[in-house]
Amino acid sequence: MRHVIAFAEHRKGQTRKVTYELATQAHELAQKLGGTAHAIVLGEGAGALAESLTKYPLDVVHVAEDPDVDAYLLDPTIDYLEGAARAIGSSIVLVPNTMYGRDVASRLAARLGAGLNADVTGFAIDGERVACIAPKLGGVTITTCAFEDCEYGVATVRPNAFAAQPGGAGARLETLAKPDAKPYRMRIVNEVEEASSELGLEEAPVVVSGGRGLGGAEPFTTLLKPLADALGGAIGASRAAADAGWVPYSLQIGQTGKTVSPKLYIAVGISGAIQHKVGMRSAGTIVAINKDGTAPISEFSDLLVVGDAFQIVPALTKLINDSKA
Amino acid sequence: MRIVVTVKLVPDLNAEKRIDPATKRLVRTGMETVLNPYDEYALEAALQLKEKLGDDTTVTLLSMVPESSKETLRKALAMGADDAHVLSDEKLSGSDVFVTAAALAGVARKIGFDLVVCGGLADDGSTGGVPGALAEHLGVPGLTNARHLEISDGTITAQRETDSGYQTVTCALPALISVTMAVGEPRYASLKGIMGAKRKNIALLSAADAGVTETTSRTELLSFGPPPARTKARIVEAADGAAGAQTIFDFLRERKLV
Ligand SMILES: Cc1cc2nc3c(=O)[nH]c(=O)nc-3n(C[C@H](O)[C@H](O)[C@H](O)COP(=O)(O)OP(=O)(O)OC[C@H]3O[C@@H](n4cnc5c(N)ncnc54)[C@H](O)[C@@H]3O)c2cc1C
């Protein structure tokens, strides 16, 4: 028997869809493994989020609204997760494959002596053996990798890879006890938001990305944002655009930025370098707008329209908005 | 102050990558290996700190590579690192994150450190899990995704990049940090640096030297295969903006995306 624990990443109680995807997946895996499904919510605003998680098919939602979790980086969170995982017993811990989630997962796995599988898009279960399916080497190969006979396994799960489905009889809420007091050293002095985090780039159903071809910061707001809004999506960027300071690095997609798998990815003025490709190649449909019909992006997009982005994008936005009217 | 920088050698990104069907490991022979580009940023950050802190600060490279590749580290020594410790042991080949971090921790403890600096990622399909795991194994705080590093009075202050911006974080040393590319472009080795690097020491250690006992990986690769293929694009020349927009709109309609 093995249990499954979903870690709920949030900011003052605001969370993203991936949290509900993990909660749903925790239940499905727990059923196959004959164990129970849990979620853990820590820090300011945890109570409200925990409440909304009880509508998902979980057995227990564990909560700790402890200010230390927000005052100190990572360490209190790892202590709570370790304590909860040890109390629950042999389990698979699901963490979102986000910047913060990856940090949590690598620390927790080492703490628990657990295996770590990253960027997981599927699970394969054979008896009690759990294997994770994940793209590797920048997506050139898809691997199936099992947790060995250790008590715990930690998986970072790619947003948008699993469905979120409320259900179940209503999870029980439990408060986690504070771990033994420790002198935490990584103090968070302040926090600066550079990009609105209303819609997580990683989980947006549509991403409209801009590159060097846009030539400056302004077209991101005057050209791309209206198109993204019309499609109900978010805007992203290539590294060249982030390096130029046109957009914050938090919008960068690719090897050193975010990995996205939206239903639709529109690349505007992006050449399609390998480092960009690895962050978006698993999108459902890829459309490129580029002046150059031989740009590398033609090798892996579904449609490449050769032309000037400054002409095409506003016309496209208008067509979409008109079709909705 | 003693700074340890972890460096990994990775296959050249431009070379074709493949996994050996027999060993299920990334084939590393016959492929150009280069310094992991992200580790060059880690080294750059360490060298900048050394410049600020003065000459009694040392920068030591820590690497787990096959003995045959150890000379590749001369490039990092030429950039300005003082010496290198290389952990090279057949027992450790194919290690997962857990074993790699445990092994690196063994050597780092042996060298002694105030600050361990890691790159944010490895350019070979691995998962960026080593810095966090290494911090755990060393029992020190792990300040990840850091830029704008300042050290004074035994405390490091850095901006930590987040999903939506950054946090300012302070931490008393000893600690581990992983840095982002915003620390600045890695410097080129000067001619003097290249000459000097020939005389710098590269110490070779076995797993036993490093006190590494844990060599069983926690994960096992069962199988692998190609991803669903992406075919070449339909390429349409747009006569003008309106025509280009219409082509895209019709295509999105066809796929029920609008
Ligand atoms: C270690 C490392 C890590 C990296 N990580 C990343 C990463 O995570 N993400 C990433 O994106 N890159 C990354 N890069 C950089 C990558 O190699 C490319 O340099 C970058 O992606 C190029 O960005 P771009 O496509 O916007 O610019 P370019 O390659 O300059 O392409 C601009 C495109 O715009 C087109 N264009 C110009 N004007 C117009 C117009 N008016 N209308 C339409 N099209 C136009 C041009 O034809 C061209 O194809 C990394 C590089 C390194 C070395």
Side-chain angles (χ1 to χ4, degrees), chain A residues 73 75 98-99 102-103 106-107 109-111 114-118 131 135-148 150 185-195 197 249-250 256 263-264 281 285 287 293 298-307 311-312 315-316 319-320 323, chain B residues 13 17 19 96-98 101 121 125 127-129 131-133 135-137 141-145 160-172 181-182 217-227 230 232-238 240-242 244-249 251 255 257-258:
Chain A
L73 183 62
D75 294 325
T98 56
M99 262 176 109
R102 284 190 289 274
D103 280 347
S106 62
R107 293 278 308 271
R111 181 76 66 85
L116 176 63
N117 273 311
K136 284 283 150 62
L137 303 179
V140 301
T141 178
I142 307 288
T143 59
T144 304
C145 194
F147 291 117
E148 271 318 336
C150 39
R185 287 200 272 148
M186 288 192 286
R187 205 163 59 77
I188 300 173
V189 181
N190 66 11
E191 181 135 17
V192 176
E193 300 258 321
E194 291 175 326
S197 51
Y249 280 105
S250 51
T256 38
K263 283 203 300 265
L264 171 63
R281 63 178 287 156
T285 295
V287 173
S298 67
E299 296 298 325
F300 55 93
S301 48
D302 300 289
L303 172 69
L304 166 63
V305 172
V306 184
Q311 310 274 317
I312 296 173
L316 177 60
L319 277 176
I320 294 167
S323 78
Chain B
L13 186 71
K17 286 172 198 159
I19 294 180
D96 70 351
V97 176
F98 188 87
L121 269 182
T127 49
E136 259 326 298
H137 285 283
L143 205 179
T144 43
N145 300 317
R160 174 176 182 276
E161 290 180 17
T162 66
D163 262 341
S164 55
Y166 67 90
Q167 302 168 319
T168 306
V169 180
T170 65
C171 179
M181 294 165 96
S217 289
R218 258 77 172 157
T219 52
E220 191 197 340
L221 183 57
L222 302 179
S223 65
F224 57 90
R230 279 221 98 100
K232 204 170 153 49
R234 178 150 70 88
I235 299 176
V236 180
E237 298 273 346
D240 56 25
Q246 194 65 49
T247 306
I248 297 174
F249 186 75
F251 176 80
R255 296 212 170 186
L257 290 164
V258 286

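Chain letters run A, B, ... following the sequence lines, proteins first and then strands; every chain starts at 1.
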| side-chain hydrogen bond (donor to acceptor under 3.5 Å, both in side chains) against B:Y166, all qualifying residues, sequence neighbours excluded | none
Pick whichever of [options] has the most heavy-atom pairs under 4.5 Å with chain B.
options: A:N190, A:L316, A:V305; answer: A:N190
options: A:T143, A:L264, A:T285; answer: A:T285
options: A:I320, A:I142, A:T256; answer: A:I142
options: A:Q311, A:M99, A:K263; answer: A:M99

| Which region of B:A172, side chain (C-beta onward) or backbone (N, CA, C, O), has a non-hydrogen atom less than 4.5 Å from a non-hydrogen atom of chain A, or is it both or neither? | both
| message | Between B:F249 and chain A, with a heavy-atom cut-off of 4.5 Å, which part of the residue counts as in contact: side chain, backbone, both or neither? | response | both
| query | Does a side-chain N-to-carboxylate-O contact under 4.0 Å join A:D75 and A:R187? | reply |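 Not counted as a salt bridge, because no side-chain N and carboxylate O are separated by less than 4.0 Å.
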Most contacts with chain A, counted as non-hydrogen pairs under 4.5 angstrom, among [options]:
options: B:T170, B:L221, B:L143; answer: B:T170
options: B:P131, B:A135, B:G142; answer: B:G142
options: B:P226, B:A101, B:S217, B:G225; answer: B:G225
options: B:P141, B:A238, B:A133, B:C171; answer: B:P141
options: B:T162, B:D96, B:V258; answer: B:T162

Residue part contacting chain B, namely of [X], when any heavy atom lies under 4.5 Å:
X: A:L303; value: both
X: A:D302; value: both
X: A:A146; value: both
X: A:V287; value: side chain

| said: Within 45 degrees of the ring normal and closer than 6.0 Å to the centroid, is that where the cationic atom of A:R281 sits relative to A:F300? | reply: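 That pair does not qualify as a cation-pi contact.
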Would you say the side chain of [Y] lies within less than 4.5 Å of the side chain of [X], judging by non-hydrogen atoms?
X: B:V169; Y: A:V189; value: no
X: B:R234; Y: A:L304; value: no
X: A:F147; Y: A:L116; value: no

| said: Can you list everything that forms a salt bridge (charged side-chain N to carboxylate O under 4.0 Å, His left out) with B:E136? Sequence neighbours excluded, please. | reply: A:R107, A:R111
| task | Kindly give the heavy-atom pair with the smallest separation between A:C145 and B:T219, and that separation in Å. | result | SG-CB, 3.8 Å
| remark: Heavy-atom nearest pair, B:R218 first then A:A114, reads CG-C, 3.7 Å
| Do A:S250 and B:D163 get their side chains close enough for a donor-acceptor pair, meaning under 3.5 Å? | no
